[in-house]
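See below for the structure under consideration.
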Amino acid sequence: MPIDFNGLGHTQNTKTRSLDTAPSKSRPAAVAQDAVTQATEKKRGENLVLSDKAKALKDMENELKSKPDVDSDKVAKVKAALENGTYDLNPQKLAQKMLDFDKSIF
């Protein structure tokens, strides 16, 4: 990591420094230099580098987006079991799941 002895970091605007340290430049020349600097900055653009963890999360997000919100096959099976009276419901297990969910929220 480079040490900045002049007090100018890579994020500080260098246009101010060039105007202040070069009083011999005429104003139009300084404006022209500013235009060149701005054009160079626009060409360069901004770069974003994601960590491996962020990339993995983004991949998981894209994978989840590609899947349907509802499992239609499972819904159809439960619906058919309810209509036929063959749906097995364990009240104790259901109550425990509700309590566990409540604990996870609060």
Who else is in the cluster with [X] when I, L, V, M, F, W and Y are joined by side-chain contacts under 4.5 Å?
X: V70; result: V75
X: L57; result: M60
X: V49; result: none

Any residue meeting side chain to side chain contact (heavy atoms under 4.5 Å, CB included) with [X], in chain and number order, not counting sequence neighbours:
X: S66; value: none
X: L82; value: V78, Y87
X: I105; value: F101

Query raised in the report: Would you say N90's side chain and Q92's backbone share a donor-acceptor pair under 3.5 angstrom?
Result: yes
Query raised in the report: Can you list every salt bridge (Lys or Arg N to Asp or Glu O under 4.0 Å) pair that touches residues 63-81, not counting sequence neighbours?
Result: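 Residue pairs with at least one partner in residues 63-81: E61-K65.
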Query raised in the report: Which residue pairs pass the salt bridge (Lys or Arg N to Asp or Glu O under 4.0 Å) test with at least one member in residues 83-106, sequence neighbours excluded?
Result: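 Sorted pair list comes back empty.
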